[in-house]
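Each remark here refers to the structure printed beneath this line.
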There are 2 protein chains.
Amino acid sequence: MANQFGERIRQLREKQELFLRQVAPSLDMDTAQLSKIEKGIRQIKKEQIAILAEVLETNKEELLTLWLADQVSNLIEGEPMADEVLKTVSKNRKNN
Amino acid sequence: MANQFGERIRQLREKQELFLRQVAPSLDMDTAQLSKIEKGIRQIKKEQIAILAEVLETNKEELLTLWLADQVSNLIEGEPMADEVLKTVSKNRKNN
DNA sequence: TTAGACTTGTCAAATAATGACAAATATAAT
DNA sequence: ATTATATTTGTCATTATTTGACAAGTCTAA
C-alpha cells in the first residue's frame, strides 16, 4: 500500500525535531491517530493537509500531490491494466 | 464527474438492443440501479464488471479500464496539480 | 389513454470510516 | 531494574457513507 505521504510527513517532522504530541494537537487529533496517518493506516482529511504543511514548514502543494498520488496508486495497484488506466486518464484530461 | 464507463455500457447495451430490464437481472439488481450506474450516479461493484462484459459481449479489460479511469479522474479532477500527480504515480510504478 | 422504457426520489439497512481511549511496546536515562 | 517519554497497536461506540429496494415520476409511441 502506497504511503509516500506518510513517509514524507514523518521525515519532515523529524527534521523539525517535533514529537507527535507537538504536532497532533494542531490537527485536533491525538498522537495515536497521527502515528497511524504516518504509517498509512488511517487517512488524514484533505483540509488538514494545509495545516500540516504550515506546522512542518513545507509546501502544501507537495504534500497534497503526494497524498493524491497515494490515493491513485491504491486504486490501481495490482491491476494488470494500470498503465493503460493512467494513459486513458491523461488523454481525457487533454481533451477537456 | 467522469463517466466513461457508464456511457460505454449504455452504448454497448443499445448496440445489442437490450433493455435495462434484460440486463439488470444478470447483475442481480433492478432497472433503477442499472440506470443510475449508466448515468454515473451509482457505482457498480468491481466483481460485476466481468458479468456485464459477458452479457454485453465485450472485453472485460476494456470495461475495467474505463471504470478505473473514472475513479482516478474523479479523485484528481479539479486539482491544480493533477498532472503532477499522474506523473508521480507513473514514476513510482516504474521504480517498483 | 395505455403500455413500455427509463429515471428520480426516498429511506431503512448494511458497510465503512472516524474519534477516543486504554494498553502495549520501545528506547534511553537514572 | 525502574521510571519516563515517545510511539504504536487494539478496541469499540459513534458517525458518515453507500447500498438495495421500492414507489412514483417522466417520456415516447402506439
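The chains referred to below are lettered A, B, ... by the order of the sequence lines, with proteins before strands, and numbering in each begins at 1.
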For this session: For residues B:Asp70 and B:Gly6, report the shortest heavy-atom separation together with the two atoms involved.
Result: OD2-N, 4.5 Å
For this session: Kindly indicate, with the supporting measurements, whether the criterion side chain to side chain contact (heavy atoms under 4.5 Å, CB included) is fulfilled by B:Gln22 and B:Arg13.
Result: CA-CA 10 Å; B:Gln22 297 175 286; B:Arg13 179 174 63 80; over 6 Å; no
Exercise. Is the count of non-hydrogen atoms from other residues, nucleotides or ligands lying under 6.0 Å from A:Glu14 atom CD greater than 12?
Worked result: yes
Seminar exercise, completed: Tightest non-hydrogen contact, residues A:Lys60 and A:Ile49, listed as O-CG2, 4.3 Å
Exercise. Under 3.5 Å, is there an N or O donor on one side and an acceptor on the other linking the side chain of A:Lys36 and the base of D:dG10?
Worked result: yes
Exercise. Heavy-atom count around A:Asp28 CG within 6.0 Å, excluding the residue itself: above 12?
Worked result: no
Problem set entry | Nucleic acid contacts - residues 12-35 of chain A versus DNA chain C, non-hydrogen atoms under 4.0 Å | A:Asp30, A:Ala32, A:Gln33
For this session: Please assess B:Leu63 against B:Leu12 for the test side chain to side chain contact (heavy atoms under 4.5 Å, CB included), listing each intermediate value before the final yes or no.
Result: CA-CA 11 Å; B:Leu63 294 187; B:Leu12 289 166; 4.1 Å; yes
Exercise. Which parts of residues 37-58 of chain B get close to DNA chain C, meaning a heavy atom less than 4.0 angstrom away?
Worked result: B:Lys39, B:Arg42
Exercise. Between B:Leu75 and A:Val72, what is the shortest heavy-atom contact and its length?
Worked result: CD1-N, 3.9 Å
Problem set entry | Within 6.0 angstrom of B:Glu54 CD, more than 12 heavy atoms from elsewhere | no
